[in-house]
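Index from 1, following the sequence. Any value given below was found using the heavy atoms of this structure, including those in side chains, with hydrogens, waters and symmetry copies removed.
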Amino acid sequence: MERTERLQKVLAQAGVASRRKCEEIITAGQVTVNGVVVTELGTKVDPERDRIEVNGNEIRSEQKVYIMLNKPVGVVSTASDPQGRKTVVDVVGAEQRVYPVGRLDLDTSGLLLMTNDGELANGMMHPRHEIDKTYRAWVKGNVNAETAKRLAAGVELEDGPTAPAKVKVVESGSGESLLEITIHEGRNRQVRRMCEAIGHPVKSLHRTQIAFLKLGRLRYGELRELTAQEVERLYAVAGIKR
């Protein structure tokens with residue numbers, strides 16, 4: 001049975017680039033289908049049968065994989081590491097090529113999405129969608145309600161003020177506090193820098209949720225594949241029409 005899809009969608013799902021960038025690549029004449037240059041955005045192809053090339057490099061259709069991983073501390077959130085450290089790809093051990101959607105610091109654990117669906121990955125990481133990410137942070141010092149409110153309102157960092165966040169003091173006492181922090185920005189080491197800015201450096205950091213997805217009972221280093229319903233909901237969250 002023939003299965004046709006728009007060319008730019010096939011390229012995006014293969015991880016070439018975002019769908020909009022793929023459209024630019026097509027109109028620039030960089031894509032061929034069965035040896036013929038294609039520049040029309042309405043072109044439909046069968047990714048299983050048609051030979052699709054971008055600048056002479058063949059784009060192969062592959063079965064999409066969607067994985068939720070509870071990343072342990074000490075594992076790098078990249079597909080490979082020049083220093084030879086263990087990566088999230090090593091932990092997953094998938095037969096098919098997968099890569100992380102965004103990153104968690106080396107010393108941060110918790111929920112990390114892994115996929116080979118480039119379109120979904122690009123949509124999830126685009127700042128305009130403001131996708132919530134929730135962390136549990138053990139910090140130094142006793143955090144009171146006033147300080148938590150200040151953290152939630154936004155703090156000044158070297159790369160500009162942070163957007164408003166949701167902050168809950170779960171525990172506080174004996175010189176340390178457990179905070180639950182929800183942000184939608186994706187700056188480098190943002191939660192750690194936010195806590196540092198209010199005088200409560202992070203001792204340990206763990207991500208528990210992305211959008212509606214929660215780790216549940218997954219232990220460190222464990223993973224599970226997302227259900228079809230969860231993938232559909234992620235597409236909606238990322239603003240992508242199926």
Nearest heavy-atom neighbours spanning His200 and Lys140: ND1-O, 2.7 Å
Side-chain donor/acceptor of Asn142 to backbone N/O of Gly173, under 3.5 Å: yes
Atom CG in Leu215, atom OH in Tyr220: separation rounded to 0.5 Å? 9.0 Å
So Val88 and Thr78, do their side chains get closer than 4.5 Å, heavy atoms only? no
Given side-chain contact (heavy atoms from CB on, under 4.5 Å), test Leu179 with Trp138 step by step and report yes or no. CA-CA 6 Å; Leu179 306 180; Trp138 279 105; over 6 Å; no
Membership question, hydrophobic clusters at under 4.5 Å side-chain separation (ILVMFWY): are Leu104 and Tyr99 in the same one? no
Heavy-atom donor-acceptor pair, Asn57 side chain to Glu53 backbone, under 3.5 Å: no
Enter the distance from Lys21:NZ to Ile26:CD1 here, rounded to the nearest 0.5 Å. 12.0 Å
Ile181 vs Cys195, test: side-chain contact (heavy atoms from CB on, under 4.5 Å). Steps then yes/no. CA-CA 10 Å; Ile181 303 172; Cys195 293; 3.9 Å; yes
Transitive ILVMFWY side-chain link Val101 to Leu226, under 4.5 Å: yes
Check the surroundings of atom CD in Glu40: do more than 12 heavy atoms from other residues, nucleotides or ligands lie under 6.0 Å from it? no
Work out which heavy atom in Arg187 is nearest to a heavy atom in Thr162; give both atom names and the distance. NH2-CA, 3.5 Å
So which atom in Met125 and which in Gly102 form the shortest heavy-atom distance, rounded to 0.1 Å? SD-N, 3.2 Å
Determine whether a donor-acceptor pair (N or O, by modelled atom type, separation under 3.5 Å) exists between the side chain of Glu222 and the backbone of Arg219. yes
Are Thr134 and Ile183 close enough that some pair of their side-chain heavy atoms sits under 4.5 Å apart? no
Would you check, one step at a time, whether the test side-chain contact (heavy atoms from CB on, under 4.5 Å) holds for Val91 with Lys71? CA-CA 8 Å; Val91 175; Lys71 185 191 92 67; over 6 Å; no
Value rounded to 0.5 Å, distance of CD1 in Ile52 from CG in Asp46: 8.5 Å
Distance-only, no hydrogens or angles: does the Ser177 side chain make a donor-acceptor pair with backbone N or O of Gly141 under 3.5 Å? yes
Tell me if a side-chain donor or acceptor on Asp81 pairs with a main-chain N or O of Arg85 at a distance below 3.5 Å. yes
Nearest heavy-atom pair of Leu112 and Pro100: which atoms, and what distance? CD2-CB, 3.9 Å
Is it the case that over 12 heavy atoms from other parts of the model lie below 6.0 angstrom from the CZ atom of Arg103? no
Taking atom types as modelled, find out whether Ser204 and Arg136 have a side-chain donor-acceptor pair closer than 3.5 angstrom. no
Counting only N and O atoms by type, is there a donor-acceptor contact under 3.5 Å from the side chain of His129 to the main-chain atoms of Ile131? no
How long is the gap from CD on Glu156 to CE on Met194, to the nearest 0.5 Å? 12.0 Å
Using a strict 4.0 Å threshold on nitrogen-to-oxygen distance, state whether Glu58 and Arg51 make a salt bridge. yes
For the hydrophobic clusters of this structure (ILVMFWY residues joined by side-chain heavy atoms under 4.5 Å, transitively), does one cluster hold both Leu111 and Phe212? yes
So, Glu24 and Arg19, do they make that salt bridge, N to O below 4.0 Å? no
Min side-chain heavy-atom separation Val45-Glu5 under 4.5 Å: no
Under a plain distance cut-off of 3.5 Å, with no hydrogens placed, do Thr27 and Thr39 share a side-chain donor-acceptor pair? no
Check: Asp90 side chain, Lys86 main-chain N or O, donor-acceptor pair, under 3.5 Å: no
Could you verify whether a donor N or O on one side chain and an acceptor N or O on the other, from Gln30 and Asn55, lie under 3.5 Å apart? yes
Are Lys203 and Glu176 close enough for a salt bridge, meaning some N to O gap below 4.0 Å? yes
Around Glu146, counting heavy atoms of other residues, nucleotides and ligands shown, do more than 12 lie under 6.0 Å from its CD? no
Identified side chain to side chain contact (heavy atoms under 4.5 Å, CB included) partner of Leu234 from the options Leu120, Ile210, Ile240: Leu120
Can you hop from Val37 to Ile25 via hydrophobic side chains spaced under 4.5 Å? no
Treat each ILVMFWY residue as a node, draw an edge where side-chain heavy atoms are under 4.5 Å apart, and state whether Tyr135 and Leu151 are in one component. yes
Less than 4.0 angstrom from a charged side-chain N to a carboxylate O is my criterion; do Glu158 and Arg193 meet it? yes
Any side-chain heavy-atom pair from Leu223 and Met114 closer than 4.5 angstrom? no
Taking all non-hydrogen atoms of both residues, which atom of Ala121 and which atom of Thr115 are closest, and how far apart? CB-CG2, 4.3 Å
From Gln190 CD over to Leu157 CG, what is the distance, rounded to the nearest 0.5 angstrom? 7.0 Å
Working to the nearest 0.5 angstrom, can you tell me the gap between Lys133 NZ and Glu185 CD? 8.5 Å
Carboxylate-amine/guanidinium proximity below 4.0 Å for Arg189 and Asp107: yes
Taking the side chain from Ser172 and the backbone from Val143, do they hold a donor-acceptor pair closer than 3.5 Å? yes
Salt bridge between Glu23 and Arg20, side-chain N to carboxylate O under 4.0 Å? no
Could you please spell out the steps behind the side-chain contact (heavy atoms from CB on, under 4.5 Å) verdict for Asn34 and Val36? CA-CA 6 Å; Asn34 299 324; Val36 179; 5.6 Å; no
